[in-house]
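None of the values given here were measured: they were computed from a predicted structure. Below, each value reflects all heavy atoms present in this structure, side chains not excepted, and no hydrogens, waters or symmetry copies. Quick note: residue numbers are just sequence positions, from 1.
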Amino acid sequence: MAIAIVAPTAVQAQKKKKEKKPKKEFVWEMPELTKNAEFDEYLLSCDTLNTRIREYCDGIVFYEVKKIQETDENGNVLKDENGNPKEIYAVVDSANHIRGSKEAIFQYANMILSGTNIILDMANIALLTTSATTALPSLGMKSFSYAKYLKAGPNIVKLGTQEIKEIVTKCREQSKDIRAYKNSFTESGELIDPTADVSNLDGVNLSDVPTITKPSSELAKELELAKQENANAQEADEDAFDEAV
């Protein structure tokens, strides 16, 4: 009986030893400057890079091509003269608001180029980390509390690179659909060539995109706003979509 009681306890203890605590998520917090020029340059560079990465990741707006069916004020889908649902294609944001395709393409190109530049600038942190490591002993008693910040630079670079590359990849993938849409549809969301194969527009399949609904008044208003957005949009740097990060 004693063995029966002890054995499970031993097993449970062994399991507890094997269980690893989840790693604490890295969060950058700018400490007080040390008054050591080399170490402070490293800290300030980490803070600047982290701010750039956070602003970049928080500033992205993702777009998607969707099919929109027009409805009346009661939510009933309207029909055309042939009895088919009245529908168009449009570029929408994450809130399903219609947006200008030209503006969306410009923003994607800009995000790709900006992300690439941030990743290239990350190389400087490696050099500054080396300088800060050398300078650490000169901080005296402060060196014990500031030693942990030597890992901050590499952590910011590692996590930032991963986040930015994910965004850039998504921008490239979704821009293919939006560029195909822009080349094949009018600003009112209708095919320029009514006989075009929607499953193969510039090599892109738009036949199975998600379908949403919008009341007639809302649809007309958003289409007009999208046209204005396109009219004010800048030309995108198309090379951004072909360069690898």
Pair Asp121 + Arg52, salt bridge at N-O below 4.0 Å: yes

Glu222 and Lys214 ion-paired at < 4.0 Å: yes

Side-chain donor-acceptor contact under 3.5 Å, Ser199 with Asp197: yes

Ring centre gap for Tyr149 and Phe39 strictly below 6.0 Å: no

Pair Gln69-Thr213, side-chain donor/acceptor within less than 3.5 Å: no

Ser138 side chain vs Ala135 backbone, donor-acceptor pair below 3.5 Å: yes

Within 6.0 angstrom of Lys227 NZ, more than 12 heavy atoms from elsewhere: yes

Cationic N near anionic O, under 4.0 Å, Glu238 to Arg179: yes

Pi-cation contact, Phe62 with Lys170 (under 6.0 Å, within 45°): yes

Arg54 with Glu163: basic N within carboxylate O range, under 4.0 Å: yes

Validation row: Cys171, Ile167 side chains within 4.5 angstrom (heavy atoms): yes

Flag for Glu103-Asn230: side-chain donor and acceptor within less than 3.5 Å: no

Geometric class of the Tyr89/Phe185 ring pair [parallel <30°, tilted 30-60°, perpendicular >60°]: tilted

Test side-chain contact (heavy atoms from CB on, under 4.5 Å) applied to Val77 and Glu70, step by step: CA-CA 6 Å; Val77 176; Glu70 186 176 348; over 6 Å; no

Exercise: do Lys79 and Asn84 side chains pair donor with acceptor under 3.5 Å: no

Polar side chain donor-acceptor pair, Gln174 to Tyr108, under 3.5 angstrom: yes

Ionic contact status for Asp93 with Arg99, cut-off 4.0 Å: yes

Approximate separation, where rounding is to 0.5 Å, of Ile156 CD1 and Thr161 OG1: 11.0 Å

Thr186 vs Leu191, side-chain contact (heavy atoms from CB on, under 4.5 Å): CA-CA, chis, key distance, verdict: CA-CA 6 Å; Thr186 68; Leu191 277 169; over 6 Å; no

